[in-house]
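Structure, as structure tokens:
Each ligand, and each atom within it, is numbered from 1 in the order the structure gives. What you see is a predicted model; the values in this text were computed from it and never measured.
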Amino acid sequence: MIKCLIIGSGPAGFTAAIYTSRANLQPVLYEGHLPGGQLTTTTEVENFPGYPEGITGPELMADLRKQAMRFGADIRAGRVTAVDFEHYPFKVTIDSREEVHAESVIVCTGAYARYLGIPDEKKYAGLGVSTCATCDGFFYRNRVVAVVGGGDTACEEACYLAGLAKKVYLIVRKNYLRASKVMQKRVFENDKIEVLFNTNTVGLFGEEYVEGAHLVEYKGEPDERFFDIAIDGFFLAIGHKPNTELFKGQLELDDEGYIILHGRTQATNIKGVFAAGDVCDPSYQQAISAAGSGCRAALDVERFLLNRES
Ligand code: NDP
């Protein structure tokens with residue numbers, strides 16, 4: 001019987017593991033299909049407090065993992081493929097073959113940024129293609145960048161980048177922005193932002209790093225027009241999707257699939273199941289806020305187990 005089972009190995013999962021192992025709850029953490037989470041796909045991380053010189057995403061995750069192991073967390077390779085939260089203790093299936101039972105669970109399965117699906121996004125990953133302006137914008141000071149998307153995230157990222165970059169293209173596939181009026185106003189009033197409506201990206205080019213994008217205006221229509229823009233950075237802001245497929249029908253999810261938290265805690269609708277990190281956070285989605293919520297979930301688990309015993 002596992003006292004505390006942690007699903008996911010991003011900053012939330014490892015922080016929960018550090019706290020629960022120090023509280024002697026002997027946590028078991030399953031790393032999932034992307035050990036270390038989204039941060040392992042980024043390069044430099046400069047906004048995680050405590051690293052004045054910055055640190056790479058993979059190094060940061062390796063440090064957090066090491067810190068969790070130092071206190072005895074049992075970190076296992078394996079992917080959770082099914083859960084039964086309806087019966088207590090909870091039953092969790094690993095890699096479709098092994099079953100484990102747990103008295104409490106912390107879900108830290110994260111979210112993934114949506115990509116357009118063009119091959120060049122992969123080719124230039126970390127070489128000019130980014131899904132996080134807050135993380136990578138600093139590298140594009142006085143450069144030219146493009147942001148794809150027409151929602152609040154895209155507008156927010158375009159405004160943020162306009163504070164750093166020389167020029168920002170906002171590439172919007174429709175002839176209007178889906179973002180809130182206030183965000184639209186900020187975009188339209190910013191001289192550094194040029195909105196390209198009715199435009200889709202077909203490819204990226206550049207010797208080693210991104211040097212430009214191939215675009216098409218009025219795709220498939222009579223006045224279709226192909227053209228290129230010169231850019232140094234290409235930011236995708238077309239939404240995130242939380243990894244919650246597994247929990248549908250058991251945990252309460254919002255319309256976008258994020259886990260709904262209850263009260264001022266990390267509790268879900270099921271007593272003994274908690275959530276932390278991007279999987280329950282549609283708005284902040286930062287490594288440090290995920291780590292913070294991992295700590296909160298660990299403390300919630302401690303209280304839950306204590307109350308059960310007494
Ligand atoms: P949204 O789903 O709101 O917007 C996604 C945008 O990406 C849309 O403009 C969509 O275009 C576009 N898009 C999707 N797929 C493609 C594609 N294949 N090619 C080109 N464009 C594409 O996601 P957000 O991340 O912007 O926002 C998520 C939620 O978080 C929203 O509810 C938002 O309001 C909220 N949020 C709030 C903020 C705030 O209040 N400060 C800040 C950030 C987010 P189309 O319109 O054509 O579908």
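- Closest to atom 22 (C) of ligand 1 among all protein heavy atoms lies Ile238 CG2, 3.4 Å.
- The nearest protein heavy atom to atom 40 (O) of ligand 1 is not closer than 4.0 Å.
- Atom 30 (O) of ligand 1 has Pro282 O, 4.5 Å as its closest protein atom, hydrogens excluded (heavy atom only).
- The shortest distance between side-chain heavy atoms of Val172 and Thr199 does not fall below 4.5 Å.
- Donor-acceptor pairing under 3.5 Å is lacking for the side chains of Glu256 and His240.
- Ring pair His214/Phe205 is tilted by interplanar angle, where 30° to 60° counts as tilted.
- Among protein heavy atoms, the minimum distance from atom 23 (O) of ligand 1 is reached at Gly239 CA, 4.0 Å.
- Here the heavy atom of the protein found nearest to atom 48 (O) of ligand 1 is Arg178 NH2, 2.4 Å.
- By the 4.5 Å heavy-atom criterion applied to side chains, Cys280 and Tyr258 are not counted as neighbours.
- Between Phe197 and Phe188, the two ring planes are tilted [angle within 30° to 60°].
- Closest protein heavy atom to atom 27 (O) of ligand 1: Thr153 OG1, 3.5 Å.
- Side-chain contact check for Asn200 and Glu217: no donor-acceptor pair (N or O, by modelled atom type) lies under 3.5 Å.
- Against a heavy-atom cut-off of under 4.0 Å, Lys174 is close to the following atoms of ligand 1: 45 (P), 46 (O), 47 (O), 48 (O).
- Residue Val148 places no N or O, backbone or side chain, under 3.5 Å from any N or O of ligand 1.
- Among all protein heavy atoms, the one lying closest to atom 11 (O) of ligand 1 is Arg173 NE, 3.3 Å.
- Residues Asp136 and Phe235 have side chains in contact (heavy-atom distance under 4.5 Å, counting atoms from C-beta outward).
- A 4.5 Å side-chain heavy-atom check between Pro11 and Leu39 finds at least one atom pair inside the cut-off.
- Of the protein's non-hydrogen atoms, Asp152 OD2, 3.5 Å is the one closest to atom 33 (C) of ligand 1.
- In this structure, atom 25 (O) of ligand 1 is in close contact with the protein, since a protein heavy atom lies within 4.0 Å of it.
- Counting the atoms of ligand 1 from 1 in the order shown, those under 4.0 Å from a heavy atom of Leu116 are 17 (C), 18 (N), 19 (N), 20 (C).
- At a cut-off of 3.5 Å, with distance as the only test, a side-chain donor of Thr56 or Glu59 sits close to an acceptor on the other residue.
- Annotation: atom 32 (O) of ligand 1 to nearest protein heavy atom, Glu256 OE2, 3.9 Å.
- Within a 4.0 Å radius of atom 14 (C) of ligand 1, the protein contributes one or more non-hydrogen atoms.
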